[in-house]
Number of protein chains: 2
Amino acid sequence: MATNFEQYLKHNRQKHLDELFDFLRIPSISSLSEHKEDVKTCAEWLAQSLMSAGLENVKIMETDGHPVVYGDWLHAEGKPTVLIYGHYDVQPVDPLHLWDTPPFEPTISDEKLFARGASDDKGQVFMHVKAIEALLQTTGALPVNIKMMIEGEEEVGSPNLPIFVENQKDLLAADVIVISDTGMIEKGKPTICYGLRGLCGMQINVKGTKGDLHSGLYGGGVQNAAHAIVELLASFRGKDGRILVDGFYDKVVAITDNEKKAYEALHTDEEKLRQDLGVPKLFGEKGYTFNERTWVRPTLEINGVYSGFQGEGIKTVLPSEAAAKITCRLVPDQDPDEILALIEKHIDANKPEGVTVTVEHLDKGAPYVTPYDHPAIQAAGRAYEKVYNVPTSYTRGGGSIPIVATFDQILNLPVVLMGFGLPDENFHAPNEHFHLENFDKGLLTICHYWYELTDAM
Amino acid sequence: MATNFEQYLKHNRQKHLDELFDFLRIPSISSLSEHKEDVKTCAEWLAQSLMSAGLENVKIMETDGHPVVYGDWLHAEGKPTVLIYGHYDVQPVDPLHLWDTPPFEPTISDEKLFARGASDDKGQVFMHVKAIEALLQTTGALPVNIKMMIEGEEEVGSPNLPIFVENQKDLLAADVIVISDTGMIEKGKPTICYGLRGLCGMQINVKGTKGDLHSGLYGGGVQNAAHAIVELLASFRGKDGRILVDGFYDKVVAITDNEKKAYEALHTDEEKLRQDLGVPKLFGEKGYTFNERTWVRPTLEINGVYSGFQGEGIKTVLPSEAAAKITCRLVPDQDPDEILALIEKHIDANKPEGVTVTVEHLDKGAPYVTPYDHPAIQAAGRAYEKVYNVPTSYTRGGGSIPIVATFDQILNLPVVLMGFGLPDENFHAPNEHFHLENFDKGLLTICHYWYELTDAM
């Protein structure tokens with residue numbers, strides 16, 4: 001059976017690449033209104049491709065922005081249903097002069113496919129389509145039920161996705177969501193990122209005297225807004241990197257021994273990292289590795305602070321105002337609203353004298369994790385290993401992927417991030433490309449995954 | 001004797017005002033090159049006025065900028081010698097449309113004389129000239145030896161004054177320096193400011209990672225420059241307002257009981273001050289009044305701090321750089337260089353991990369005080385009291401007057417700041433004016449002062 005789809009994919013490789021070239025030639029830049037028609041054309045091309053692959057109920061579903069392309073194959077009775085998410089829109093291409101080849105004229109060089117969207121995300125979406133085609137063509141069926149939902153607004157922040165998902169809950173009902181829009185930690189190292197941190201943020205405003213004052217006439221007599229804000233901001237964190245907001249860590253779920261081992265297996269070179277970052281030493285909460293600190297531990301970071309004079313030389317002023325922006329990266333089971341409330345309480349308790357402090361909430365999003373030992377995660381790991389012949393790396397991401405949070409919140413399903421990109425493939429930048437090795441291996445991995453999944457769940 | 005000069009001044013009041021009008025009509029704006037000739041004309045006018053008053057050795061002394069006008073009368077053998085300092089240059093006048101009368105067309109309204117330079121400092125310089133004239137005309141002699149040195153670059157920071165004073169040490173040798181370029185704390189309250197704080201400043205630069213980083217990918221893993229700088233800056237000061245730099249207060253000279261009483265006698269209304277400044281409460285080092293905190297206690301103030309994102313909304317960045325400007329106001333016997341060294345030591349000891357911290361020194365100037373009970377200070381107080389019939393207020397200034405520091409350092413003489421301006425007279429602003437009550441009373445006060453001084457010293 002495996003031989004069948006492998007043979008099929010090998011046999012049709014050039015044909016598939018030609019099709020992918022067609023897909024990549026459509027400049028579906030979602031952020032630029034002059035490309036609105038191209039985005040539409042791209043959706044139509046994709047819908048056609050889904051139908052050719054054998055998907056059913058294919059439709060272009062309108063939103064208030066660019067449309068979503070949907071298709072399914074639901075004949076694997078009693079078997080799990082997978083919702084595949086991806087996007088067919090791409091980033092703008094400027095500065096154009098930095099591209100070695102035109103962004104919408106796909107070019108293969110050194111076994112890399114250069115084009116805007118090659119890895120983010122047309123290449124990866126296309127692999128899912130062709131994996132389905134290969135299985136249907138060689139076996140007449142899929143081992144799982146599949147729904148594909150490919151949107152056209154990911155590169156502008158998916159503004160219409162939450163409402164779309166909310167409205168199409170029944171259509172999108174599934175057992176697991178698979179997203180191929182991320183990457184492997186390095187070449188030849190298949191990687192499953194099974195958790196992402198959440199986010200909450202706040203602007204802190206400090207208001208002191210009516211206006212700035214002369215530091216000679218008033219210095220020592222009144223609170224200085226710059227002093228007040230640094231005192232307040234410094235109170236958030238100990239010198240050891242631990243956040244001192246009461247209750248901040250209360251809901252943090254400790255990682256399991258298996259997860260700890262999985263991170264150790266990555267053999268992250270912290271000394272190399274330190275050199276690359278150009279710092280005298282890495283820094284953070286004591287007792288945790290760099291990976292742990294950035295993946296499974298929460299943070300409270302100052303993103304900006306400003307007060308008073310910023311020009312050259314000296315200005316002996318007592319600033320009357322100061323402001324700072326802080327954001328927290330959250331881990332399960334921290335709740336953004338709860339954390340914001342704890343921070344406000346901390347501010348109240350640590351408010352410097354002689355000034356007024358106000359806050360404004362900024363963005364927020366919940367952390368996400370699909371348990372490391374979830375069958376869908378482990379099945380994906382085995383699928384990778386069958387093709388790449390090395391152990392799969394298990395990681396978490398320190399940042400957030402808003403669509404993951406959206407799916408998590410609305411559909412409440414496990415999410416598997418099965419990515420085939422590489423860190424150096426210039427997503428969002430000139431000379432975006434995709435390694436053909438991962439195109440070939442990824443196609444096989446996806447096919448294997450459906451078999452692994454149907455056995456595991 | 002007193003009657004004589006009093007009569008003389010009363011009798012010649014209109015003539016003197018007419019002369020002052022002529023002085024004020026010359027637009028001697030030192031900062032604008034198109035007024036270079038006016039500044040020169042003004043120096044010539046003043047030299048002529050000094051000669052008419054009876055001063056000898058009158059000369060216009062060139063500098064690398066605008067000239068200094070000098071004159072003396074040195075026939076009071078065995079009596080103290082006074083060096084009178086003032087300036088004949090003025091500030092620019094823009095925005096012109098905010099003036100109710102043209103700045104160089106002196107106008108009297110409601111017993112106030114409106115013109116650029118009326119109080120700062122032509123009016124006050126002119127009073128010294130006319131006091132000399134009155135004494136010489138009515139008694140044929142002065143009770144003290146007098147040297148007048150009136151510069152033309154005060155409003156541009158006296159760039160050539162230090163070298164001039166250094167080069168003319170012998171010419172300027174005296175027992176006391178009298179400067180009439182300041183003011184009284186309020187109408188009807190003659191004031192002697194007998195001390196000024198010094199200054200030293202530093203820019204602190206924090207450098208973390210090579211560039212700004214994504215707070216999701218790296219947050220928690222490396223030091224954040226914004227966090228590092230707030231931690232460092234917060235370490236300078238306790239929550240109680242006390243500076244925590246080791247040794248910072250070691251050389252601070254405590255004030256005497258008499259000084260404390262003199263400040264209490266001012267009956268400063270701290271509640272009104274709080275309301276005027278618009279703060280929930282005044283703030284500063286515990287155990288000191290507002291006046292004490294701003295006059296006789298040193299400060300370390302943040303004049304500016306900046307790092308990272310300053311725009312609207314959110315940017316989840318880990319700033320790689322941060323900077324702050326701090327200045328200290330110093331009191332006797334703190335030394336600017338010593339204090340800078342102590343701060344550097346503090347920075348070294350409190351340097352946050354994972355970043356590099358560098359500093360750049362900014363301006364500095366020594367604090368100045370002529371002891372409260374110095375005969376020249378107390379004599380000035382008595383002179384005021386003879387004319388104003390209220391107790392003289394004794395204050396210090398929280399800021400610095402660079403020329404005072406210059407005189408103090410180079411000539412090492414007691415300095416008496418005998419000012420006749422009022423806080424609401426719009427120095428440096430549109431509608432600068434001078435209360436004629438203080439013109440009249442000031443002339444008498446100066447005459448009395450020379451008698452008091454010759455008796456006291």
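Lettering of chains follows the sequences in order, A, B, ..., and the numbering in each one begins at 1.
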Q.
So Phe248(A) and Ile339(A), do their side chains get closer than 4.5 Å, heavy atoms only?
A. yes

Q: Just give me the residue among Leu282(B), Thr289(B), Thr294(B), Asn303(B) that pairs up with chain A most often, heavy atom to heavy atom, under 4.5 Å.
A: Asn303(B)

Q.
If you count heavy-atom pairs within less than 4.5 Å of chain A, which of Ala324(B), Gly304(B), Ala322(B), Ala228(B) leads?
A. Gly304(B)

Q) Side chain, backbone, both or neither: which part of His214(A) has an atom under 4.5 Å from a heavy atom of chain B? A) side chain

Q: Measure Arg297(A) against the heavy atoms of chain B and call it side chain, backbone, both or neither at under 4.5 Å.
A: neither

Q: Identify which part of Leu213(A) has an atom lying under 4.5 Å from any heavy atom of chain B, answering side chain, backbone, both or neither.
A: side chain

Q: Side chain from CB out, backbone as N, CA, C, O: work out which of these in Asn291(A) comes under 4.5 Å of a heavy atom of chain B, or both, or neither.
A: neither

Q: Apply the side-chain contact (heavy atoms from CB on, under 4.5 Å) test between Ile204(B) and each candidate in Ile326(B), Ile302(B), Val305(B); give the one that qualifies.
A: Ile326(B)

**Q.** Part of Leu199(A) within contact of chain B (heavy atom distance under 4.5 Å)
**A.** side chain

Q | Polar side chain donor-acceptor pair, Gln91(B) to Asp120(B), under 3.5 angstrom | A | no

Q: Flag the one option from Thr316(B), Leu232(B), Ile243(B), Leu300(B) with the top tally of heavy-atom pairs under 4.5 Å to chain A.
A: Thr316(B)

Q: Apply salt bridge (Lys or Arg N to Asp or Glu O under 4.0 Å) to the pair Glu353(A) and Lys239(B), showing each step before the final yes or no.
A: CA-CA 8 Å; Glu353(A) 287 182 58; Lys239(B) 271 181 173 282; over 6 Å; no

Q: With a 4.5 angstrom heavy-atom cut-off, could you sort out which part of Thr327(A) is near chain B: side chain, backbone, both or neither?
A: side chain

Q | Ring-face cation of Arg242(B) near Tyr249(B) (centre distance under 6.0 Å, axis angle within 45°) | A | yes

